[in-house]
There are 4 protein chains.
Amino acid sequence: MSYARQLLDTYPRTSNADAGVLAATIDALSDCAQACIADTEADLSEQDLAEMVKCIRLCLNCADVCAATRGVVTRQAEYDGNVTRPLLEACIAICTSCGDECARHAPHMAHCRVCEQACRRCEQACRELLGALK
Amino acid sequence: MSYARQLLDTYPRTSNADAGVLAATIDALSDCAQACIADTEADLSEQDLAEMVKCIRLCLNCADVCAATRGVVTRQAEYDGNVTRPLLEACIAICTSCGDECARHAPHMAHCRVCEQACRRCEQACRELLGALK
Amino acid sequence: MSYARQLLDTYPRTSNADAGVLAATIDALSDCAQACIADTEADLSEQDLAEMVKCIRLCLNCADVCAATRGVVTRQAEYDGNVTRPLLEACIAICTSCGDECARHAPHMAHCRVCEQACRRCEQACRELLGALK
Amino acid sequence: MSYARQLLDTYPRTSNADAGVLAATIDALSDCAQACIADTEADLSEQDLAEMVKCIRLCLNCADVCAATRGVVTRQAEYDGNVTRPLLEACIAICTSCGDECARHAPHMAHCRVCEQACRRCEQACRELLGALK
């Protein structure tokens, strides 16, 4: 069981959303941020750098937005839909476009294939959480 | 002149928005993130901690969202309104509520008065940039 | 298999250290950062806040240092012992003291018990990586 | 007066170090992190990308370490030399090497000239703070 899930299960308050959905989202956000940081490093190691520039920029944006979303979603007690909803929307949008760009490289770059999977999973998790929030 | 402005003036591409508006927003985001980190530390030093808990949580959220927004706004070449617009909206919402909470403490806590100013300035800067974006 | 490990296995260069050790460290750093963010939120929900202030501050420091260390360790191509070594030392020191403080609360606060485990595992992983680096 | 300085002047506790030195360091860390994020974006806009790869990686490392150091230095109440000292050493090392790499590009790239200045100023500020700490 992930630390995110264990910490939700020991949280002294009631959670805003189903603990399973919330923990899955937090784990997907952490994983996606890490995958994007590692994919940036791998992209910078490729021969044809001009081909990778868009992917690098999207990965940097995706890592930043996932990290912030993870923090805000974790701090449930001051939940505010006016913050969390647009933040999840921004996160879904960047995970989608970063995943799409990684998909373009995936056939010939295994690291982008892995990063694409992390982005897709995070996009789905954020969509599910957004649907579950009031 | 701030480093943000100097770097925009030496950027090898054309900026998406007026360099003055963009640099003012980036500086306001950096300042607000730092003010929120420092206000959290000051809040934790107060006697009546129960009174400060909401302020601490909002400051932590505000610092995270401002840092991510700063990164995304700085990386102009892959500008995507579907990411930047909701991110700025989330940032405006958290700067507003963090500023409001700091304002409640401002009459008797000078550190919250300073943090309120940083939040208000950041909220205004993000609104202006949001209005200037396509 | 974690995304960190998958991305190391698809990295276009040779890694600086054994991929298993490196991936375990990156995963432990991600987990510890997340556990500390979640434990801060749980600490702020406790009745006796004065008792939790030290834990909150150490968790905030630990989350920041783990996040930075994760990034630097991931970007292997510009490995520089003068940066990575003291950074790992700082990370080991904060994981130790954050783990110790969580251990004090662990008997009566389950969330601190979980966070202590994440800190201990991260401390061990960083020590192992530090020993494996040139 | 910067927000960092205003918040130090309104901090409810006594500071660990001279408020002027501390505020200058916090401001230099914020500025350097922002300069490195912006320089990464500018580097990615250059024609000869292979020439910029090292600079990008060092800037990413420098931004991460400066952000973490800023947080830890701001949270003074749980000051621990075993954390802050090696963290400042790591920060000085990465500011030095990032500044050196930017200096190589500075004659023909104005954005690297600006980033070099931010790195040099941050390196100096961290050295001064390290010297002032017990």
Side-chain angles (χ1 to χ4, degrees), chain C residues 11-13 16 26 29-30 32-33 36-37 40 43 50 52-102 119 123 126 130 133, chain D residues 11-13 16 26 29-30 32-33 36-37 40 43 50 52-102 119 123 126 130 133:
Chain C
Y11 185 50
R13 288 163 156 266
N16 288 318
I26 292 169
L29 288 162
S30 286
C32 189
C36 286
I37 293 168
T40 297
D43 289 348
M52 308 314 298
V53 164
K54 183 177 181 179
C55 193
I56 292 169
R57 284 185 167 117
L58 294 178
C59 279
L60 291 173
N61 281 352
C62 198
D64 277 0
V65 176
C66 284
T69 306
R70 180 182 71 160
V72 169
V73 163
T74 299
R75 283 183 290 274
Q76 300 176 64
E78 284 306 326
Y79 171 75
D80 175 357
N82 292 326
V83 177
T84 305
R85 286 189 159 280
L87 194 56
L88 284 169
E89 282 161 17
C91 203
I92 290 165
I94 186 64
C95 286
T96 302
S97 62
C98 190
D100 288 351
E101 177 64 16
C102 285
C119 290
E123 179 202 331
C126 289
L130 187 59
L133 291 175
Chain D
Y11 186 50
R13 286 161 158 269
N16 288 316
I26 292 169
L29 288 161
S30 286
C32 189
C36 286
I37 294 168
T40 298
D43 289 347
M52 308 313 297
V53 163
K54 183 177 180 178
C55 193
I56 293 169
R57 283 183 167 119
L58 294 178
C59 279
L60 292 173
N61 281 351
C62 198
D64 277 359
V65 177
C66 285
T69 306
R70 179 182 71 161
V72 170
V73 164
T74 299
R75 282 183 289 276
Q76 300 176 63
E78 284 307 324
Y79 171 74
D80 175 356
N82 292 326
V83 177
T84 305
R85 288 190 157 278
L87 194 57
L88 283 169
E89 282 160 16
C91 203
I92 290 165
I94 186 64
C95 286
T96 303
S97 62
C98 191
D100 288 351
E101 178 63 17
C102 285
C119 291
E123 180 202 331
C126 289
L130 187 58
L133 290 175

### Task
For chain D, find which of C:A67, C:A77, C:C91 contributes the most heavy-atom pairs closer than 4.5 angstrom.
C:A77

### Query
What option among C:P86, C:S97, C:A93, C:G71 has the most heavy-atom pairs under 4.5 Å with chain D?
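Result: the option with the highest number of such pairs is C:P86.
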
For [X] against [Y], the heavy-atom pair lying closest together:
{"X": "D:V72", "Y": "C:V65", "result": "CG2-CG2, 3.8 Å"}
{"X": "C:A68", "Y": "D:A68", "result": "CB-CB, 3.6 Å"}
{"X": "D:D64", "Y": "C:R75", "result": "OD2-NH2, 2.7 Å"}
{"X": "C:I94", "Y": "D:V83", "result": "N-CG2, 3.7 Å"}

### Query
chain D heavy atoms under 4.5 Å from C:D80: which part of the residue, side chain, backbone, both or neither?
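For C:D80, side-chain heavy atoms alone lie under 4.5 Å from chain D.
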
### Query
Is chain D contacted by the side chain of C:T74, its backbone, both, or neither, given a heavy-atom distance below 4.5 Å?
neither

## Note on the structure
Output for pair (D:E78 CD, C:C62 SG), nearest 0.5 Å, gives 13.0 Å

### Query
Side chain, backbone, both or neither: which part of D:T84 has a heavy atom under 4.5 Å from chain C?
neither

### Task
Against chain C, label D:L88 side chain, backbone, both or neither, depending on which of its atoms sit under 4.5 Å from a heavy atom there.
neither

### Query
Between D:E89, D:K54, D:R70, which shows the greatest number of heavy-atom pairs under 4.5 Å with chain C?
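It is D:K54.
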
#### Entry: Heavy-atom pair count under 4.5 Å with chain C, highest-scoring of D:L87, D:L58, D:L60
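Ranked by heavy-atom pairs under 4.5 Å with chain C, first place is D:L60.
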
### Task
Check side chain to side chain contact (heavy atoms under 4.5 Å, CB included) between D:A63 and all other residues, then give those that pass, not counting sequence neighbours.
D:C36, D:I37

